[in-house]
Amino acid sequence: MDSLAPLPVAVTKEVADARAAGRGVVALESTIVAHGLPHPINLEVAAACEAAVRAAGAVPATIAVRDGVVRVGLGAEELATLADPARGVAKLSARDVGVCVARGGDGATTVAGTIAVAAALGIAVMATGGLGGVHRGARETYDESADLVALSRYPVCVVASGVKSILDVGATLERLDTLGVPVVGFRTERFPGFYRRDSGFALEWSLGDAAEVARAFGAHRVVSPTGLLLAHPIAEADELDDDLHRAGLAAAEAAVAREATTGKAVTPVMLAAFAAATGGASVAANRALVVANALLAGEVARAVAESR
Ligand code: PSU
Ligand code: MN
């Protein structure tokens, strides 16, 4: 059985039963809860994502570290702790998980941290809102999310609404190409723009249903060790208005410049500034897209499980 042994791991009964029965499991990240969305909407979104995975007939496994234990599936108390801004839990990329466990700490996993754990456990599908990527100005700062390298390293199908639109989308797509990560649209030939349906970039591949995605990912895994990015656009009704989106982007960039933000804080600071500048409209869009991604991930996980 795939495991994280000898690390301390706590798997919920729901997830353990699903794995034993060969049912579909979807890994969910926890950084979006701890650092990506404001309190208390973050808690509501976490619950809605889990419900969406279940509605698709799969089982959600939200991943985090609590008291040095890797948690696969979270209870209400653990979620509340993560979601509480006063606790200021650590943001764990793949490189941070081991150190946090050894220190007995608490942390929320990013996409990178989540797929590192998921891959070790044999969980093949994960959902998030928008993948991290190459930041604007990376030519000077070298700021590129470890999500990209993690996707090139761990065989997990990540369902996301493209990458966050605060990023340099073109540069991110070039890096995914270099890293050998397939980028596949779900019922779209345009790379999604997170809060918007179209980032302005075309896709080479598009698939039409979950079974087709499961087949494509299964075939990909035979010839490559990388994960796959399934690009799922936000629903038309939930898209952020174009002018609001532009205002949000400007505010996000201004906030990072004003506060001279660097490192792990860049993305959370940008998302918070974006939310303030759009009067919370970006939070509503983020909620809608991540829940829709969780639902689709549940369908893909089911199809993957059925194909085994
Ligand atoms: N998607 C969202 N909101 C988020 C994130 C994704 O809709 O906050 C998080 C994920 O955890 C992702 C992280 O891995 O943002 C990227 O952070 P960074 O740019 O520091 O790698
Ligand atoms: Mn960064």
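Heavy atoms only: backbone and side chains are in, while hydrogens, waters and symmetry mates are out. In listed order, ligands and their atoms are each counted from 1.
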J.: Which of the atoms in ligand 1, numbered in the order shown and given with their element, are less than 4.0 Å from a heavy-atom of Thr31?
T.: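 In order of numbering, the contacting atoms are 11 (O).
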J.: Among all protein heavy atoms, pick the one closest to atom 8 (O) of ligand 1 and tell me residue, atom and distance.
T.: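 Minimum-distance protein heavy atom for atom 8 (O) of ligand 1 reads Gly36 CA, 3.3 Å.
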J.: Is any N or O atom of Val111, backbone or side chain, closer than 3.5 Å to an N or O atom of ligand 1?
T.: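 Val111 vs ligand 1: N/O contact under 3.5 Å present.
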J.: Checking Val33 against Val45 for the side chain to side chain contact (heavy atoms under 4.5 Å, CB included) test, could you report, in this order, the C-alpha distance in whole Å, the side-chain angles of both residues, the deciding distance, and whether it holds?
T.: CA-CA 8 Å; Val33 181; Val45 172; over 6 Å; no
J.: Heavy atoms only, cut-off 4.0 Å: how does Thr110 contact ligand 1, side chain, backbone, both, or neither?
T.: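 Contact part for Thr110 vs ligand 1: both backbone and side chain.
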J.: I'd like to know whether Thr110 forms a side-chain hydrogen bond (donor to acceptor under 3.5 Å, both in side chains) with Glu29, so could you lay out the CA-CA distance, the side-chain angles of the two residues, the decisive distance to 0.1 Å, and finally the verdict.
T.: CA-CA 6 Å; Thr110 64; Glu29 56 142 321; over 6 Å; no
J.: Does Glu189 have more than 12 heavy atoms from other residues, nucleotides or ligands lying within 6.0 Å of its CD?
T.: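 No, the 6.0 Å shell around CD holds no more than 12 heavy atoms from other groups.
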J.: Any idea which atoms of ligand 1 are less than 4.0 Å away from a heavy-atom of Thr128?
T.: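 Those qualifying, in numeric order: 1 (N), 6 (C).
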J.: So does Lys264 get a backbone contact from the side chain of Lys91, meaning a donor-acceptor N/O pair under 3.5 Å?
T.: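 It does hold such a pair.
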J.: Kindly indicate whether the side chain of Arg215, heavy atoms from C-beta on, has any atom under 4.5 Å from the side chain of His220.
T.: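 Heavy-atom side-chain distance check fails, nothing below 4.5 Å.
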J.: Applying a heavy-atom cut-off of 4.0 Å, say which part of His135 lies close to ligand 1: side chain, backbone, both or neither.
T.: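 Under 4.0 Å from ligand 1, His135 contributes side-chain atoms alone.
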J.: Is there any N or O on Thr109 that sits under 3.5 Å from an N or O of ligand 1?
T.: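 No, no N or O pair falls under 3.5 Å.
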J.: Assess Asp143: does it contribute an N, O or S atom lying under 2.8 Å from the Mn ion (ligand 2)?
T.: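 Given the 2.8 Å cut-off, Asp143 counts as a ligand of the Mn ion (ligand 2).
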J.: Decide yes or no for Leu179 and Thr226: does some side-chain heavy atom of the first lie under 4.5 Å from some side-chain heavy atom of the second?
T.: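 Answer no - side chains too far apart.
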J.: What residue and heavy atom of the protein are closest to atom 2 (C) of ligand 1, and at what distance?
T.: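 Answer for atom 2 (C) of ligand 1: Ile32 CD1, 3.4 Å.
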J.: In terms of atom number and element, which parts of ligand 1 are under 4.0 angstrom from non-hydrogen atoms of Phe194?
T.: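 Selected atoms, number and element: 7 (O).
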J.: Suppose we measure from atom 12 (C) of ligand 1 to each protein heavy atom; which comes out shortest, and what is that distance?
T.: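 Protein heavy atom at minimum distance: Asp147 OD2, 3.3 Å.
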J.: Which of the listed options, Arg287, Lys164, Lys91, holds the heavy atom that is closest to atom 5 (C) of ligand 1?
T.: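 Shortest heavy-atom distance from atom 5 (C) of ligand 1: Lys164.
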J.: What protein heavy atom is closest to atom 21 (O) of ligand 1, reported as residue, atom name and distance in Å?
T.: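 Protein heavy atom at minimum distance: Ser145 OG, 2.6 Å.
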J.: Report the member of Met270, Glu29, Lys264 with the shortest heavy-atom distance to atom 10 (C) of ligand 1.
T.: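 Heavy atom nearest to atom 10 (C) of ligand 1 belongs to Glu29.
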J.: Determine the interplanar angle of the His245 and Phe274 rings, folded into 0 to 90°, and report it as parallel if under 30°, tilted if 30 to 60°, perpendicular if over 60°.
T.: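 Aromatic pair His245/Phe274 classed tilted.
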J.: Starting from atom 19 (O) of ligand 1, locate the nearest protein heavy atom and write down its residue, its atom name and how far away it is, to 0.1 Å.
T.: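 Heavy-atom neighbour on the protein nearest atom 19 (O) of ligand 1: Thr267 OG1, 2.7 Å.
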J.: Short N/O distance, under 3.5 Å, between Gly130 and ligand 1?
T.: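 N/O-N/O distance below 3.5 Å exists for this pair.
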J.: Can you check whether Pro192 reaches Asp198 side chain to side chain, under 4.5 Å on heavy atoms?
T.: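 Pro192 does not reach Asp198 side chain to side chain.
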J.: Show, in sequence, the C-alpha distance, side-chain angles and deciding distance for Thr128 and Asn293, and conclude whether the side chain to side chain contact (heavy atoms under 4.5 Å, CB included) test is met.
T.: CA-CA 7 Å; Thr128 184; Asn293 292 342; 5.9 Å; no
J.: What are the two closest heavy atoms between Gly133 and Leu167, and how far apart are they?
T.: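 Reported closest heavy-atom pair: N-CD1, 3.3 Å.
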J.: Record the part of Asn286 in heavy-atom contact with ligand 1 below 4.0 Å; permitted values are side chain, backbone, both and neither.
T.: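 Asn286 to ligand 1: side-chain contact only, backbone stays beyond 4.0 Å.
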J.: Which part of Leu271 is near ligand 1, with near meaning a heavy atom under 4.0 Å away: side chain, backbone, both or neither?
T.: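 Contact part for Leu271 vs ligand 1: side chain (C-beta onward).
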J.: Does one side chain, of Asp106 or Thr81, offer a donor that lies under 3.5 Å from an acceptor on the other?
T.: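 There is no such pair between these side chains.
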